[in-house]
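Report on the structure given below.
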Amino acid sequence: MENNSSNQPLLAPPAPVSKADRLFTIDMIRGFALLGILMMNIPGFGIDRSQFASILQGSPLNADFKMSAFILIYPEGTMRGLFSMLFGAGMVLFTLNKTEKPGGVTVAEYYYRRLLWLVLFGVFNAYVLLWEGDILYFYGLAGMLLYPFRKAAPKWLIAIGFLCFFINVYKNQLWWNETREKRHDYLEAKAAEKRKEKLNEKQQAAISAWTEMENNRKPDSARIKENVSKMRSGYGTIFTYFIPRNADGETWWMYHGIWDFAGMMFVGMGLFYLGFFSNKLATSTYLMILIVGYGVGLTAGYINFYEGQVKDIASLSAYVDAWRWPHWHLYDLRRLFVSTGHAALLILVYRSGLVNWLMKALANVGQMAFSNYLMQSIICTWYFYGYGFGNYNHLRFYQLYYVVLAVWVFQLIFSSIWLKYFQFGPFEWLWRSLTYWKKQPMLKVAS
């Protein structure tokens, strides 16, 4: 909470969270999550998505397969999950650190103004920086659901989060049931065809629908060639190419993915109130969370990858015939457990004092998470897209992570240097200035 000195009014107008009020462990965990998100985003920047199918159908001894297995079992979804939980915690911090001046702008107005600017930054990231995997747009919209629940008890916040997960699973199961019905209709129509019966329009449509579904999963050389050609083109071509892709993606994710974002945000709010992110629990508690989180989460991830994703890619028909429910129902369970395991591990390492320099560097990245997130878009689009260095689809899957490592090193160093001289990252400063509609101080003042 903000401290009131003797020369301050009792009711101070809302203002940005001061450095003294920042929680080091939250910044540290946020920095870890921010860097980890690039592990998931880099394929979207650097290669045609069809490569995943050929990788998962290839030899398990192949370097690309091994890297895919690691990514999809361990960090996939968990870094965004951790980032979403911290976003929820950050929204609580934003409201708790504000008092209102009578007749002035309310905390709620500042809160929603902040989120509306975030939505616009997301549009900027998607349509100007040309990153079709932007999450800022969705965070801004999903975050608008949180404010009415800011004073709810932790147990209810976590319960709401789990309700969101249940809705997500329910919607996925409905889609899976429709897929199984299409498969059933296809098999019945093929059986009739085998008996030399004349097929009616419904049976013909069933065969066409399933055949089209399977064909859409196969690599399309013409589509791949067109995609690679456009991605290696100039800014104008890619900008035009991304307009429908971004519009479709934003529509799909707001309809289907809102439960993903909101669920983790609500859980994050609850865990913040319990002191989980602010280093207030016993060491034995964090150790238990680490063991259970990784034990349950990584086991679920292993099953989902080898029994679900690999077999689904190998043969959709065989997979649909074999399972009444898909393995990706384990997704939210896995990411929730592994995400909390990540946070517990970081806090335990921090308490050990073994690599304080790294924890401090991660906290610097986390304090500048907004700038670093947009910086990743700028660096990667210029490295891969045609208007930059044009390396799109030139690297193998595992080689993309050399780029990730280089960006990590740069951001760890850059953030540490920047915060020696400035109070905020450049985009944090702009976001705060727009939120409060007042130019914020940027340079650090010598104490």
Side-chain angles (χ1 to χ4, degrees), residues 36-80 131-133 172 175-176 179 182-183 186 209-233 238 241-242 245 248-249 252 300-323 326-328 330-331 334 380-381 383-386 389-405:
I37 283 175
L38 185 58
M39 298 178 71
M40 308 313 309
N41 288 347
I42 198 68
F45 284 116
I47 62 173
D48 186 272
R49 67 190 66 181
S50 64
Q51 287 198 31
F52 280 105
S54 58
I55 290 171
L56 296 186
Q57 289 175 324
S59 169
L61 300 178
N62 185 281
D64 287 336
F65 186 96
K66 290 179 180 179
M67 180 58 76
S68 295
F70 170 75
I71 294 296
L72 293 174
I73 291 173
Y74 185 59
E76 198 277 328
T78 66
M79 298 300 179
R80 190 182 76 252
W131 170 226
E132 63 175 336
N172 284 333
W175 178 86
W176 186 249
T179 302
K182 289 180 181 179
R183 175 65 178 167
Y186 168 83
W210 186 259
T211 301
E212 181 181 3
M213 181 177 290
E214 286 201 318
N215 288 337
N216 287 339
R217 293 165 58 90
K218 297 176 181 178
D220 184 341
S221 58
R223 186 206 63 79
I224 295 171
K225 183 177 180 181
E226 179 187 10
N227 180 58
V228 172
S229 175
K230 288 185 180 296
M231 296 302 292
R232 292 178 183 172
S233 299
I238 301 176
Y241 183 45
F242 269 25
R245 289 173 60 160
D248 290 345
W252 190 95
Y302 183 91
I303 294 171
N304 181 47
F305 177 72
Y306 284 101
E307 294 299 319
Q309 291 168 295
V310 172
K311 293 186 176 179
D312 180 16
I313 288 292
S315 174
L316 175 63
S317 297
Y319 186 67
V320 171
D321 291 342
W323 296 97
H327 284 83
W328 62 73
L330 297 172
Y331 181 76
R334 178 190 69 84
C380 292
T381 53
Y383 182 78
F384 289 109
Y385 294 1
F389 294 99
N391 288 308
Y392 187 81
N393 221 43
H394 279 316
L395 301 181
R396 289 179 55 182
F397 181 77
Y398 81 91
Q399 292 173 328
L400 295 173
Y401 293 90
Y402 298 146
V403 180
V404 170
L405 181 60

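At a threshold of 4.5 Å between non-hydrogen side-chain atoms, the residues E76 and N304 do not count as touching. Side-chain contact between L38 and C380 is present, with at least one heavy-atom pair separated by less than 4.5 Å. Between V403 and N391, the closest side-chain pair of non-hydrogen atoms is not below 4.5 Å. Side-chain contact check for N172 versus P326: every heavy-atom pair is 4.5 Å or farther apart. The side-chain heavy atoms of E226 and D220, taken from C-beta on, include no pair separated by under 4.5 Å. A 4.5 Å side-chain heavy-atom check between K182 and E212 finds every atom pair outside the cut-off.
Relative ring orientation between Y385 and Y392 is described as perpendicular, the plane-to-plane angle rising above 60° on a 0-90° scale split at 30° and 60°. Ring orientation note: the planes of W323 and H327 are nearly perpendicular, at an angle over 60° on the 30°/60° scale. Using the six-membered ring where Trp is involved, Y186 and W210 have ring planes that are tilted, between 30° and 60° apart.
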Check against side chain to side chain contact (heavy atoms under 4.5 Å, CB included), Y402 and L395
CA-CA 10 Å; Y402 298 146; L395 301 181; over 6 Å; no
Go through the steps for R396 and N62 under the test side chain to side chain contact (heavy atoms under 4.5 Å, CB included), then give the verdict.
CA-CA 11 Å; R396 289 179 55 182; N62 185 281; 3.4 Å; yes
Apply side chain to side chain contact (heavy atoms under 4.5 Å, CB included) to the pair M67 and I55, showing each step before the final yes or no.
CA-CA 10 Å; M67 180 58 76; I55 290 171; over 6 Å; no
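In this structure, CD in Q309 is found 12.5 Å from CD1 in I303, a value given to the nearest 0.5 Å. Here the straight-line distance linking atom CZ of F397 with atom CD1 of I47 works out to 6.0 Å at 0.5 Å rounding. Taking CD1 of I71 as the start and CG of D64 as the end, the distance is 11.5 Å to the nearest 0.5 Å. Of the inter-residue distances, the one linking F389 atom CZ with T381 atom OG1 reads 11.0 Å to the nearest 0.5 angstrom. Atom OG of S233 and atom CE of M231 lie 9.5 Å apart (nearest 0.5 Å). Here CZ of R334 is found 9.0 Å from CD1 of I73. Values are rounded to the nearest 0.5 Å.
For the residue pair S317 and R183, the shortest heavy atom distance occurs at OG-NH1, 3.3 Å. Of all heavy-atom pairs spanning A69 and Y306, the tightest one is CB-OH, 4.0 Å. Residues Q51 and S54 share a closest heavy-atom pair of O-OG, 2.9 Å. Of all heavy-atom pairs spanning R223 and S50, the tightest one is NH2-CB, 3.8 Å. Across every non-hydrogen atom of P43 and L400, the tightest pair is CA-CD1, 3.8 Å. Between M39 and P75 the shortest heavy-atom distance is CE-CG, 4.0 Å.
In this structure W175 satisfies the ring-ring contact (aromatic ring centres under 6.0 Å, His included) test together with W328, sequence neighbours excluded. With sequence neighbours left out, F305 forms a ring-ring contact (aromatic ring centres under 6.0 Å, His included) with F65.
Within 6.0 Å of OH in Y398 there are more than 12 heavy atoms belonging to other residues, nucleotides or ligands.
Between E214 and K218, no side-chain nitrogen of the basic residue sits less than 4.0 Å from a carboxylate oxygen of the acidic one, so the salt-bridge criterion is not met.
Taking the six-membered ring for Trp and the full ring otherwise, W176 and Y319 have centroids separated by under 6.0 Å.
Annotation: cation-pi geometry not satisfied between R49 and F52 (NZ/CZ under 6.0 angstrom from ring centroid, within 45° of ring axis).
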